[in-house]
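Taking it in order: structure first as structure tokens, then the write-up.
Reminder, nothing fancy here: chain letters follow the sequence lines and each chain counts from 1. Remember, predicted model here, so these are calculated numbers, not experimental data.
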Amino acid sequence: MTDFDESGRAAPAATGGIAARAMAARGTRTPDYLAGLNPEQRAAVEATEGPVLVLAGAGTGKTRVLTTRIAHILNLGLAFPSQILAVTFTNKAAREMKNRVGLLVGGAVEGMPWLGTFHSIGVKILRRHAELVGLKSNFTILDTDDQIRLIKQLIQAENLDDKRWPARTFANMMDGWKNKGLTPKDIPEGDARAFANGKGRELYAAYQARLMALNACDFGDLLMHPIALFRAHPDVLAEYHRRFKYILVDEYQDTNVAQYLWLRLLAQRPKQRDDASGKIGQSQALMSAKGSDAGVSYATVNLCCVGDDDQSIYGWRGAEVDNILRFDKDFPGATVIRLERNYRSTAHILGAASHLIAHNEDRLGKTLFTDAANPEDPKVEVNAGWDSEEEARAIGEAIEDLQRRENHNLNDMAILVRASFQMREFEDRFVTMGLNYRVIGGPRFYERMEVRDALAYFRCVCQPADDLAFDRIVNTPKRGLGDATIRLVHDYARARAVPLIAAAGEMAETEELKPKPRATLRRVVSDFRRWSELLATVKHTELAEQILEESGYTEMWQNDRSAEAPGRLENLKELVRSMEQYESLPSFLEHVALVMDTEQNAEMDAVSIMTLHSAKGLEFETVFLPGWEEGLFPHQRSLDEGGRSGLEEERRLAYVGLTRGKRRVKIWFVSNRRIHGLWQSTIPSRFLDELPEAHVEVMEANTSYGGYGGYGASRWDGASAFKEAAYTTPGWRRAQAANAGFTNTGKSGRGGDGWSGGRSREINYGEGGTARAGRGHNQPPRQGFGLYSSASKGGPREIEGELVAKSVIPDASRFAEGDRVFHLKFGNGTVANIEGNKLTVDFDKAGQKRVLEGFVEPV
DNA sequence: GCCAACCCAATTTTT
DNA sequence: TTGGGTTGGC
């Protein structure tokens with residue numbers, strides 16, 4: 001492309017090192033790394049010049065193409081590693097890409113400073129030019145929590161009712177604006193009016209002003225500021241134009257408008273140097289811009305976007321499928337390459353998924369295929385159940401069965417749910433069964449209260465102007481500094497335009513406060529001062545411990561007798577431990593907001609339970625898809641709020657779910673589900689009707705569970721026998737009937753007939769049943785989140801590696817009857833009985849439970 | 001200033 | 001049913 005030569009002058013060949021090696025490799029025969037690619041993949045790798053869109057269906061080797069492409073560019077010596085911009089959405093994806101490129105090109109990845117998430121690259125750019133947007137380069141990055149607290153303050157400062165106008169709502173609105181790349185002056189009048197009696201715009205502006213004063217950014221700003229920077233400073237933009245010779249984008253279907261604008265500024269360059277880049281200003285103009293506007297013609301640098309419109313499932317958080325649908329209009333002359341050859345799933349799974357997704361209208365259209373069709377492959381199963389308890393039980397049994405018959409690893413199985421409340425039922429059931437599971441998702445490590453508190457302490461020490469952090473912990477642990485005192489400090493600080501901590505320091509010397517709070521405040525301030533001084537001399541991990549210790553924060557949790565406290569202390573330890581790899585407290589803090597997530601515990605063999613959203617990008621031998629019922633999936637809210645496009649996004653979610661399975665997919669729906677504590681009858685999801693019968697087997701309801709050995713091989717073999725009967729099986733009919741009227745003929749599966757006859761929609765199971773297990777307890781054991789699970793790390797690991805129900809080794813237990821134990825979910829208790837690795841424990845608060853040994857700790 | 005009794009709402013989630 | 005957040009009493 002033309003302007004490429006104009007700006008890119010540093011020829012890689014000029015220097016030694018990697019590039020030299022790459023140069024040397026040039027001209028040899030087909031490099032190894034290309035050999036294993038299919039023709040389409042290879043085309044995508046080799047089309048290095050100009051705009052390229054790779055439509056990569058599920059399981060078609062998307063990441064491979066991306067990484068090989070980078071390797072190819074380096075290998076041909078087309079660019080230095082530092083001249084390639086490669087963006088992903090998540091840190092995980094960035095990490096994986098880095099690893100995989102590393103495998104291909106060796107140490108050269110280390111020289112790829114511009115491989116990262118949109119946000120981390122945004123930070124990098126911003127730190128270099130912070131002063132141009134009014135920040136200092138050591139700005140703080142606020143997360144959602146900080147953001148909300150800040151907004152709340154602003155709302156209150158405006159004398160608005162913060163209940164009528166919740167900060168969270170406004171944070172979401174603002175998020176939406178920032179996702180669209182809108183500054184306060186850009187937001188539509190209607191939006192501005194929608195909040196706080198028309199004060200939306202003012203609030204947004206006030207919020208931004210406040211962030212500037214705090215020298216802080218929120219996540220949205222990490223995109224917004226660079227966009228503003230590029231627009232206002234064409235020279236800076238030109239510098240990046242010169243730098244980036246190749247741009248690669250992963251998961252393009254998930255980009256929002258701001259990310260699109262950002263990319264476009266970087267990718268699209270004026271053909272003539274006429275400072276027109278400054279004019280690429282107004283987002284609206286840009287949105288509709290073709291290859292040229294306002295008399296300036298643009299050329300696109302070598303931009304390669306990879307994505308799959310059928311897997312766009314983040315519309316609700318601002319992703320614009322339209323970006324990918326419009327690619328060839330945005331970037332004229334784009335090469336579009338489709339990857340449709342699937343290497344993951346069976347023909348049945350692909351058939352089912354393709355047929356389903358074909359019901360969507362807004363799509364570019366691709367059809368996955370595989371060469372590896374095998375008559376032995378099981379069809380996609382549809383199972384009916386009575387209620388969600390039965391669903392959990394039956395899936396649990398199916399899992400055990402696969403394990404027993406096929407030596408199936410638990411690690412290769414996953415249960416993918418639509419909404420996280422569905423997880424609990426499975427957790428309860430699996431705890432009872434003694435089946436290892438791991439929950440993926442949920443609150444992240446750095447979002448945990450104790451971690452955030454600790455970080456707030458560190459922030460105060462490193463950045464004494466960090467008012468939000470100070471605010472957070474000034475009275476944590478409780479020191480007797482209540483609202484009244486804090487408000488005085490705030491007023492004082494505002495009046496003199498000094499940070500809170502400075503204000504507190506000064507006030508501690510005046511008569512404005514009562515003696516008690518004054519003394520406390522003085523103590524707090526001097527603590528921070530002291531810690532700040534130690535920053536230079538004491539090793540940061542030690543200082544961190546010292547801070548947590550001396551502030552009384554650790555003690556606070558030690559004195560807390562709730563079941564979560566030990567886990568929290570463990571998390572604090574882990575936090576300090578994770579600081580090791582950073583040089584100092586400030587450098588740790590710099591990384592923490594963006595990059596910190598903890599690796600899950602992969603050693604244990606366990607079934608994964610997660611939402612469909614978090615399953616994107618993963619694959620499993622066997623996938624269970626429970627809860628295919630109208631209202632839940634598709635979710636009622638998507639339907640209500642999103643209309644047809646909402647439904648289409650739900651359908652894509654179903655598509656994502658199906659395509660996670662490599663060999664087996666087992667779908668479930670039930671007739672009764674408890675929602676918000678009430679039993680409601682439900683009808684099967686419309687998506688079930690959208691599956692092609694040829695690839696689906698509807699299971700006989702009564703045989704897929706029942707507790708006596710389950711279904712035999714004949715069920716699989718005799719699949720054709722059921723073909724005609726599809727959708728007319730008892731389970732199906734029963735479910736339909738349950739919807740229409742009320743049939744009590746269904747086997748309840750739990751021996752109870754706890755609901756009476758005909759009209760009530762509520763079915764209340766009074767007593768009995770197994771679901772008691774988890775009731776009344778808030779935090780299920782979230783195995784796999786590093787830190788929570790570490791609470792059970794003390795015990796022998798191997799125990800968790802097998803299905804405990806089968807491994808009855810009476811003497812193997814670390815416990816004896818009468819031992820006191822602690823369980824993350826149930827708290828403290830006494831061992832009443834031991835059966836292999838399963839313990840029966842009388843919990844002090846939760847009553848008697850059967851639990852896995854691996855889940856409890858000796859006290 | 002702190003704690004316990006109410007009230008309300010209730011997908012999906014990354015950075 | 002659950003959890004978070006607010007209110008009102010001590």
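- Residue A/Ser614 places none of its side-chain N or O atoms closer than 4.0 Å to OP1 or OP2 of B/dT12.
- Distance from the side chain of A/His676 is smallest to B/dA10 among B/dT13, B/dA10, B/dT12.
- We find that CG of A/Asn672 is positioned 17 Å from C1' of C/dT1, with the value rounded to whole Å.
- Contact annotation for A/Glu251: no contact, since no heavy-atom pair falls under 4.0 Å across all strands.
- The side-chain contact (heavy atoms from CB on, under 4.5 Å) search around A/Ala615 returns A/Leu416, A/Met610, A/Arg660, not counting sequence neighbours.
- One can place CD1 of A/Ile609 at 15 Å from P of B/dT12, the figure rounded to the nearest angstrom.
- Relative to the side chain of A/Arg424, the nucleotides C/dT2, B/dT13, B/dT15 differ in distance, and C/dT2 lies closest.
- In terms of position along DNA chain B, the nucleotide closest to A/His635 lies nearer the 5' end than the nucleotide closest to the other residue of the pair A/His635 and A/Thr117.
- Proximity of A/Arg149 to A/Leu468: side-chain heavy atoms (C-beta onward) are separated by under 4.5 Å at one or more points.
- Considering only heavy atoms from C-beta on, A/Trp628 stays 4.5 Å or farther from A/Trp668 through its side chain.
- Contact annotation: the side chain of A/Gln680 never approaches that of A/Arg673 to less than 4.5 Å [non-hydrogen atoms, C-beta and beyond].
- The residue A/Glu447 sits close to a base: some heavy atom pair falls under 4.0 Å.
- Counting to the nearest Å, the P atom of B/dT14 and the CH2 atom of A/Trp316 are 8 Å from each other.
- Distances shown here put a side-chain N or O of A/Ser420 below 4.0 Å from the OP1 or OP2 atom of B/dT12.
- A parallel orientation is assigned to the rings of A/Trp177 and A/Tyr204, their planes being inclined by less than 30° (bins at 30° and 60°).
- Counted by atom type alone, A/Tyr314 and A/Asn256 present zero donor-acceptor pairs between their side chains at under 3.5 Å.
- Checking the phosphate oxygens (OP1, OP2) of B/dT15, a side-chain nitrogen or oxygen of A/Asn91 falls inside 4.0 Å.
- Nearest-nucleotide positions on DNA chain B place A/Leu653 closer to the 5' end than the other of A/Leu653 and A/Gly220.
- Looking at the side chain of A/Arg637, the nearest of the listed nucleotides B/dT15, B/dA10, B/dT12 is B/dA10.
- Between A/Arg418 atom CZ and B/dT13 atom C1' the separation is 11 Å, expressed in whole Å.
- Listed nucleotides B/dT12, B/dT14, B/dT15 differ in distance to A/Arg317; the shortest reach to its side chain belongs to B/dT14.
- Counting only heavy atoms from C-beta outward, the side chains of A/Phe669 and A/Glu391 never approach each other to under 4.5 Å.
- To the nearest angstrom, C1' of B/dT15 lies 9 Å from CD of A/Gln259.
- Between A/Phe421 atom CZ and B/dA10 atom P there is a gap of 14 Å when expressed in whole angstrom units.
- By the neighbour-count criterion of 12 heavy atoms within 6.0 Å, atom CG of A/Asp483 is sparsely surrounded, having that number or fewer from other residues, nucleotides or ligands.
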Checklist entry - For every nucleotide of nucleotides 1-7 of chain B, 5' to 3': is a protein heavy atom under 4.0 Å from its base (B), only from its sugar-phosphate (S), or from neither (-)? => result SSS----
Mind listing the N/O atom pairs, protein and nucleotides 5-10 of chain C, below 3.5 Å?
residue	atom	partner	partner atom	Å
C/dT6	OP1	A/Lys152	NZ	3.1
C/dT6	O3'	A/Lys163	NZ	3.3
C/dT7	OP1	A/Lys163	NZ	2.2

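- Straight-line distance from the CG atom of A/Asp145 to the C1' atom of C/dG4: 13 Å, rounded to whole Å.
- Look at A/Phe89 and the base of B/dT15; the rings do not stack under the cut-offs of 5.5 Å between centres and 30° between planes.
- Cation-pi geometry between A/Arg651 and A/Phe687 is not satisfied (NZ or CZ under 6.0 Å from the ring centre, within 45° of the ring normal).
- Following rounding to the nearest Å, A/Asp428 (CG) and C/dT2 (P) show an atom-to-atom distance of 10 Å.
- Within the 4.5 Å cutoff, the side chain of A/Asn360 has no heavy atoms near those of the A/Asp310 side chain.
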